[in-house]
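Just follow the structure's listing: the first ligand is 1, and inside any ligand the first atom is 1.
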Amino acid sequence: MPPNPNDTVMDKLVSLAKRRGFVFQSSEIYGGLGSVWDYGPLGVELKKNIKERWWRSMVHKREDIEGLDAAILMHPKVWEASGHVAGFTDPLVDCKHCKNRFRADDPRIKGTPGEPSAQCPVCGSKGTLTAPRMFNLMFKTFIGPVEEVAAVVYLRPETAQGIYVNYLNVLQSSRQKVPFGIAQIGKAFRNEITPGNFIFRTREFEQMEMQFFVKPGTDNEWFEFWRQERMKWLVGLGVRPEKLRFHRHTKEELAHYAKDAYDIQYEFPFGWQEFEGVHNRTNFDLSRHQEFSGKKLEYLDPTTSERFIPYVVETSAGADRTALVVLVDAYREEEVEGEKRVVLRLHPALAPLKAAVFPLVNKDGMPELARRVFDELRRHYNVFYDDGGSIGRRYRRQDEAGTPFGITVDGQSTQDGTVTVRDRDTLKQDRVAADRLVAYLGEKLKG
Ligand code: GAP
C-alpha cells in the first residue's frame with residue numbers, strides 16, 4: 001500500500017516498523033502497555049547490529065577498554081550513593097477533577113499549578129491542579145518472598161552504576177592501568193511520566209555506556225577526546241552529518257554528578273532531541289560509593305605511587321534512540337521509473353538483511369540455482385529468499401526492509417553461472433559470477 005500523504009513521517013515510520021516487523025507495541029493483543037515496545041525479526045537484527053558495532057569500536061578495537069555485563073538488580077544502597085533515591089525525580093501535578101497526572105513543566109498547562117487560575121490541559125477545569133510534588137522515576141520491586149520495605153530493590157535507571165561498583169574488580173582482573181575504560185550494554189528502566197514519540201522515550205530501554213577512568217586534571221582533555229570520537233562513530237553509521245549537532249549543558253541543565261556535559265542531538269521530525277551524552281562525572285560516583293560502602297576505591301599509580309580517586313568521562317547512548325535515529329535518517333520516499341517506492345537507506349553494516357535472493361521465475365532450473373546461491377550465502381550473512389510475486393514487487397519489499405542487495409537468478413544464470421546484483425540505492429545492476437558472491441558482498445559490506 002502506498003503511504004497515506006496526510007500521515008506525518010513518524011506515523012509512516014511507525015506503520016512501516018509494524019508492517020515489516022521492526023517494532024511492535026508490547027502486549028498489543030491486550031491493548032498494549034504504555035511506552036513499552038518489542039523488536040520484531042528485522043528490528044532485533046538492526047538493534048543487534050548497532051550494539052555489535054558499538055561493542056567492536058569500544059571494546060575490541062581498543063586495548064584500553066574492557067567489557068562488563070552487570071546485573072540489573074543491585075544493592076539498594078547503590079542508588080542512595082548515586083543520588084538517585086534522593087534526586088532522580090520529576091515534579092508532578094495531579095488534576096483533582098479528572099485524575100490525570102502531568103509533569104509540572106508540561107507546556108499545555110496554563111498558569112501556575114496549585115493556584116486557582118491554573119487550568120487542566122485535559123478536562124479544562126480551573127483550580128483543580130495540585131501544587132507540584134516530587135515523584136521518583138525508579139521502578140521498585142521486592143527481592144525474596146516478602147513485600148516489605150527491607151526487601152525493596154530498584155530496576156537500574158542507568159547501567160553506569162554497575163560499572164562503578166565493579167571498577168576495582170575489572171582493574172585488578174584485567175591488569176589495566178588508568179587511563180582505562182569499562183563498557184557495558186544493557187537494559188535500564190525509568191518510570192517516565194511523559195513518554196512518547198515511539199521508541200524515543202520509553203519505560204524500558206537499552207543503554208550502551210562507557211565509563212573512562214582518568215587521572216584528575218586530565219579529565220578535560222579526555223572529555224574532548226570522547227566527544228569527538230562519539231560524533232565520528234555516529235557519522236560512520238551513515239547518519240547525515242547536517243542532522244547531528246552538539247548541545248552543551250548550561251549550569252541549570254547539568255546533572256548532579258556532572259562538571260561538564262554535551263548532548264548529541266539529532267533533528268527528528270519532532271525537533272532536535274538528545275540521543276547520546278558525553279559527561280564529565282568527576283569523581284562524584286566513586287567517592288560516593290567509597291563513602292557509602294566503606295571500601296577504599298582509590299587507585300594507586302604504579303609509576304608515581306600517587307593515590308587518587310579517578311575522574312570519569314562517560315559516553316552514554318541509548319540503543320533504542322540510536323535505532324530510531326538510524327531509521328528516521330534512512331527513511332525515504334522516492335520515485336523510481338515512474339513508480340513510488342519507500343526505501344530505508346540503511347548503512348549496509350546495520351541493515352537487518354544483507355541481501356535477498358530471487359529466482360526470476362519459478363521454472364527452468366532457476367529456483368534450484370537460486371536455492372543453492374541462497375544456501376551458500378546464508379553461511380556468511382543474514383539473507384532472505386523470496387520467490388513470491390513479480391520481481392518488481394520483490395525488490396520493493398526489500399527496499400522497505402533496507403536490504404542493500406537484490407540478487408536475481410535469471411535465464412542467463414542457468415547458462416553461464418552469473419547472477420544480477422541490484423544495488424538498493426543506485427539501482428545499478430552488476431552481473432557477478434554466483435561463486436564470487438560471498439567475496440563480492442564481503443567487499444561491499446566492509447566499513
Ligand atoms: N548514565 C548517564 C545517563 O543515563 P541520560 O542522559 O539520562 O544519562 C543516556 O541517558 C541515554 O539513554 C540518553 O541519551 C538516551 O539515548 C537513553 N535514554 C534515557 N532515557 C530514555 C528513555 N526513557 N527511553 C529511551 N532512551 C532513553
Side-chain angles (χ1 to χ4, degrees), residues 23 26 33-39 47 50-51 54 68 70 72 74 78-79 81-84 87-90 103 136-139 154-165 167 181-212 223 226-227 230-231 233-234 237 239 244-249 253-266 268 270 272-282 284-286 288 312-328:
V23 180
S26 160
L33 180 66
S35 287
V36 185
W37 298 88
D38 298 339
Y39 287 78
K47 197 162 135 186
I50 291 171
K51 290 186 286 182
W54 185 88
L68 180 75
I72 288 170
M74 301 180 74
V78 166
W79 307 110
S82 69
H84 283 83
F88 196 50
T89 50
D90 270 349
R103 274 174 64 131
N136 197 293
L137 300 186
M138 283 195 292
F139 279 101
Y154 300 97
L155 303 189
R156 64 181 178 199
E158 63 170 2
T159 61
Q161 300 300 327
I163 293 182
Y164 302 138
V165 300
Y167 125 87
I182 305 176
Q184 169 164 238
I185 298 176
K187 292 262 179 162
F189 302 82
R190 296 181 190 177
N191 199 359
E192 300 278 5
I193 308 311
T194 42
N197 284 324
F198 194 32
I199 53 174
F200 179 78
R201 181 169 287 112
T202 55
R203 297 196 164 104
E204 173 177 343
F205 54 95
E206 253 179 310
Q207 290 186 317
M208 310 186 287
E209 295 199 306
M210 193 282 295
Q211 316 295 321
F212 205 74
F223 179 67
W226 280 110
R227 185 165 86 86
R230 292 309 301 149
M231 186 58 100
W233 186 81
L234 291 164
L237 292 185
V239 179
L244 294 168
R245 73 176 187 196
F246 284 113
H247 163 74
R248 191 176 198 166
H249 282 205
E253 288 173 302
L254 281 178
H256 60 279
Y257 50 70
K259 161 177 158 188
D260 200 353
Y262 280 93
D263 290 342
I264 303 179
Q265 298 183 331
Y266 179 80
F268 289 98
F270 45 89
W272 286 96
Q273 293 286 344
E274 172 220 344
F275 68 105
E276 173 155 355
V278 183
H279 314 125
N280 183 342
R281 292 180 74 135
T282 68
F284 175 85
D285 299 271
L286 290 183
R288 295 273 292 188
V312 171
V313 173
E314 167 183 70
T315 72
S316 177
D320 311 83
R321 269 192 207 174
T322 309
L324 186 59
V325 166
V326 162
L327 283 171
V328 167

J.: Is there a polar contact, in the sense of an N or O pair closer than 3.5 Å, between Q207 and ligand 1?
T.: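 Yes - when backbone and side-chain N and O of Q207 are compared with those of ligand 1, one distance drops under 3.5 Å.
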
J.: With sequence neighbours excluded, what pairs up with S35 under the side chain to side chain contact (heavy atoms under 4.5 Å, CB included) test?
T.: P195, R203

J.: To check your reading of the model: name the closest protein heavy atom to atom 24 (N) of ligand 1, its residue, and the distance in Å.
T.: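 The protein heavy atom lying closest is T202 N, 2.9 Å.
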
J.: Kindly compute the distance separating CZ (R230) from CE (M210), expressed to the nearest 0.5 Å.
T.: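 Separation between the atoms: 8.0 Å.
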
J.: Between R281 and E158 (salt bridge meaning N to carboxylate O under 4.0 Å), is one present in this structure?
T.: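 Between E158 and R281 there is a salt bridge, with a charged N closer than 4.0 Å to a carboxylate O.
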
J.: Return yes or no for this condition: an N or O of G318 is under 3.5 Å from an N or O of ligand 1.
T.: yes

J.: Which atoms of ligand 1 have any heavy atom of E158 under 4.0 Å away?
T.: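 Counting from 1, the qualifying ligand atoms are 1 (N), 2 (C), 3 (C), 4 (O).
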
J.: Nearest non-hydrogen contact with atom 18 (N) of ligand 1 belongs to which option: F275, F200, F205, Y257?
T.: F205

J.: With rounding to the nearest 0.5 angstrom, report the CD1 to CH2 distance, I185 to W54.
T.: 5.5 Å

J.: Write out the residue and atom name of the closest protein heavy atom to atom 13 (C) of ligand 1, then the distance separating them to 0.1 Å.
T.: E274 OE2, 3.4 Å

J.: Considering only heavy atoms of E209, which atoms of ligand 1 have at least one such atom less than 4.0 Å away?
T.: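 Those of ligand 1 that fall under 4.0 Å from E209 are 1 (N), 2 (C), 3 (C), 4 (O).
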
J.: Could you find the nearest protein heavy atom to atom 9 (C) of ligand 1 and give me its residue, atom name and distance?
T.: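 Ranking protein heavy atoms by distance from atom 9 (C) of ligand 1, first comes S316 OG, 3.0 Å.
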
J.: Any donor-acceptor pair under 3.5 Å linking the side-chain atoms of D260 with those of H249?
T.: no

J.: I'd like the name of whichever of Q161, R321, E204 reaches closest to atom 15 (C) of ligand 1 through any heavy atom.
T.: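 Answer by nearest heavy atom: R321.
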
J.: Find out whether the Lys NZ or Arg CZ of R156 is both under 6.0 angstrom from the six-membered ring centre of F189 and within 45° of the ring's axis.
T.: no

J.: Report the relative orientation of the aromatic rings in F270 and F268; use parallel for angles under 30°, tilted for 30 to 60°, perpendicular for over 60°.
T.: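 Parallel: the ring planes of F270 and F268 meet at under 30°.
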
J.: Please step through side chain to side chain donor-acceptor pair (under 3.5 Å) for the pair Q161 and H84, ending with a clear verdict.
T.: CA-CA 11 Å; Q161 300 300 327; H84 283 83; 4.7 Å; no

J.: Look at atom 4 (O) of ligand 1 and find which of H279, E314, R190 reaches it with the closest heavy atom.
T.: R190

J.: Find all atoms of ligand 1 within a distance of less than 4.0 Å from any non-hydrogen atom belonging to E192, and give their numbers and elements.
T.: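 By the 4.0 Å cutoff, the relevant atoms are 20 (N), 22 (C), 23 (N).
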
J.: Give the atoms of ligand 1, by number and element, whose distance to some non-hydrogen atom of R281 is under 4.0 Å.
T.: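 Once the distances to R281 are compared, the set is 1 (N), 2 (C).
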
